[in-house]
2 protein chains.
Amino acid sequence: MSEPQSDEGPRRPVTLDDVALRAGVSQPTASRVLNGSARKVAESYRTKVLAAARELGYTPNLAAQVIARGSSRTVALIISGISDPYFSAMAAAIMRQAEANDLRVSIAVTDRRVDRELDLVRELRGQQPQAIILAGTGYVDPPSGGELIAELQRYEETGGRVVLISRTDLPFETVRFDNHEGARELAAELAGLGYRRSLVLGSATPLLSMQQRVEGFVAGMAQSSADTATEVAYPEFTWEGARDHILGLSDDELQRLQLVFAITDDMALGAIAGLRARGLRIPEDIAVAGFDDITTLRDVVPPLTTVHVALDTVAEETIKRALSPDGDVRTVPASPVVRASTPRLHG
Amino acid sequence: MSEPQSDEGPRRPVTLDDVALRAGVSQPTASRVLNGSARKVAESYRTKVLAAARELGYTPNLAAQVIARGSSRTVALIISGISDPYFSAMAAAIMRQAEANDLRVSIAVTDRRVDRELDLVRELRGQQPQAIILAGTGYVDPPSGGELIAELQRYEETGGRVVLISRTDLPFETVRFDNHEGARELAAELAGLGYRRSLVLGSATPLLSMQQRVEGFVAGMAQSSADTATEVAYPEFTWEGARDHILGLSDDELQRLQLVFAITDDMALGAIAGLRARGLRIPEDIAVAGFDDITTLRDVVPPLTTVHVALDTVAEETIKRALSPDGDVRTVPASPVVRASTPRLHG
DNA sequence: TTGTAAGCGTTATCAG
DNA sequence: CTGATAACGCTTACAA
């Protein structure tokens, strides 16, 4: 009635106080109606508050709620990158699962800068998330390992949960998928198809899960009864790295090969680009296999043999653990999918 | 000395109070060295506070800072999906640009559910972000338009900024890229290559920017001197939708076509899958073009003719506007990239 | 320069 | 069932 209305200039956001005032009730009552759990408010008040809130366009101030409640319905996801199709698929799966559990996800990206991981954990800790999820990076020999672990432990001590995805380099609960086993089975299948002489493209960056893929594949080939020859190279961990490595091979080396296994689909495609540039046809002249089974890549020609990982399951297990501890280390299976890029050899 | 240490059970997080106490200074002093701007603190105190903070593993409680300061160094990004390579590229570009400006990004996904957009805006408003960025959806005839606009206006009135990306259906500052013009130029180039009879795959979901692509292409073809015939279809706005539409065409219709233009690369790939299933070779029997120039798709065969959008520029302009108003509606160019999927026709 | 005191918007406790 | 009142962790006048 008496307030000078319709000024220009940023008005103060509508607060619970405003709503309470307008509804003619106390702040706590308004709070109970708008957020609280049990419906212990008289119907008459209830409707008044609701009306006032709607008229004023009230939105609860999340920060205030967090600070008052001391907890936050948020999980923080630390991930290497987001344009990478593998990680964006992972992030999407996690967000879907989180939403189903009424959790917000705050995403932070390391861009593969090792030290950022520590910074991000520090920063995220300030958001008081229910859990911090580390997906993806994970070095064979973690550079800032000690500090990172200390930081995460402090976070856990104050009630936060730490969940790792596909990395076992840190002493926290982990959702793994079986990189070693998946690659091993793939190798076994390919050996069964007649492949003997293969090149494995690993990662120059010493990522643990990637090294497991290399080792799994080598083991799988070695296990096959036939005598096999498997070389391993460690180019840069990118599409370009894989391509460039292929471009750098001698004609002789290339001739001898029957198969290139790259530790990710992305690198497999780089390898294919390189092989084609060298004048080879896939799969007629040489076969190629990858790892991850990225759906965005369903259109490459020829369809890529790879190892499929059930990201939805991974996400489900991850969120479950983010909400409450669960001692046993579930390992989500990763299983080979043979497609046209690796046909049976010697028909 | 006297505190009973090493309990089990969630300890309370370390607060500024704890740090101040340990450093033997007052809370504000601790605050000033740890966060405040001017270095108006004696060097002796300064070092003590820093030491205490490090020893205790202090992290500022972000929520408390937000509530005390009233502002948040965060921008909220509302996006259709994140596994979609186009949107993940967009999100990545925005995050990169935001990081460069010391902003956090909180991502929310609509999953193409129309009404979610309104809910998300409400929810995000509670986070008091500096800006809300709406990327992507944008209906020709916004279903919840009125309410959405009201909500966003309220947000702006309280000092928040609203920035739209590639949608002009709402009365807020917009970073556009020229869907119409990009498609028009593409059509002109293709007409120049000899294409006359084409099929345009639009979107059954009435998305404004998508409709602009359709119209731009149609206009471009019509402008070409030669007499052209352009049909437009509106299948579901997905890879499958495009494929299924192709599968549903009669042999006759298919025979007549020289070119399929799909309004996104993703749909273009669906179309290719359909065409191949129908026994056609690309580009020998029929040409295909898309829109977006998604980098993840660099490996499709044949390389796809498409329209490139400079997402980095889009992101840059977006963040700039998120930080401060900037009246003029910059339109980021979108320009055709002709590749092997649309070779010159008739030698 | 430093500390005291008052807020920021919300929830939780505890009388009425 | 409701409403004072005290937190929550931090910042920002204002006084010392």
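Reminder, nothing fancy here: chain letters follow the sequence lines and each chain counts from 1.
- A:Arg125 and B:Thr59 share a side-chain donor-acceptor pair at under 3.5 Å.
- If B:Pro28 and B:Arg69 are placed on DNA chain C by their nearest nucleotide, the residue sitting closer to the 5' end is B:Pro28.
- Here C:dT11 presents its C1' atom at 9 Å from CG of A:Leu16, a figure rounded to the nearest Å.
- Note that CG of B:Leu34 is 9.0 Å distant from CZ of B:Arg46, once rounded to the nearest 0.5 Å.
- Regarding B:Leu21, its CG atom lies at a distance of 14 Å from the C1' atom of C:dG3, rounded to whole Å.
- Side-chain atoms of A:Arg12 and base atoms of C:dG9 include no donor and acceptor less than 3.5 Å apart.
- If you take CG of B:Asn61 and P of D:dA7, they are 18 Å apart, rounded to a whole angstrom.
- Checking the phosphate oxygens (OP1, OP2) of D:dC10, no side-chain nitrogen or oxygen of B:Gln65 falls inside 4.0 Å.
- For A:Val25, the side-chain atoms get nearest to D:dG3 when compared with the rest of D:dC10, D:dG3, C:dT10.
- Phosphate contact (OP1/OP2 of C:dT11, side-chain N/O of A:Asn35, threshold under 4.0 Å): present.
- If you take CG of A:Leu62 and P of C:dT10, they are 10 Å apart, rounded to a whole angstrom.
- Note that CD1 of A:Ile94 and CD1 of A:Ile133 are 4.5 Å apart. Values are rounded to the nearest 0.5 Å.
- Distance A:Leu34 CG to C:dT11 C1': 13 Å, rounded to the nearest Å.
- Between B:Ser26 and C:dG3 there is a side-chain polar atom (N or O) within less than 4.0 angstrom of OP1 or OP2.
- When heavy atoms are screened at a 4.0 angstrom cut-off, A:Pro60 is found touching the sugar-phosphate backbone but no base atom.
- Here C:dT1 presents its P atom at 13 Å from CD of B:Glu43, a figure rounded to the nearest Å.
- Atom C1' of nucleotide D:dT5 and atom CD of A:Gln27 are separated by 11 Å, given to the nearest angstrom.
- Interatomic distance, CG of B:Leu164 versus CD1 of B:Ile132, reported as 11.0 Å (0.5 Å rounding).
- Note: A:Thr318 OG1 to A:Leu134 CG = 11.0 Å, rounded to the nearest 0.5 Å.
- Put simply, CD1 on B:Ile67 is 13 Å from P on D:dT12, counting in whole angstrom units.
- A:Thr29 has no side-chain polar atom (N or O) that falls below the 4.0 Å cut-off from OP1 or OP2 of D:dT2.
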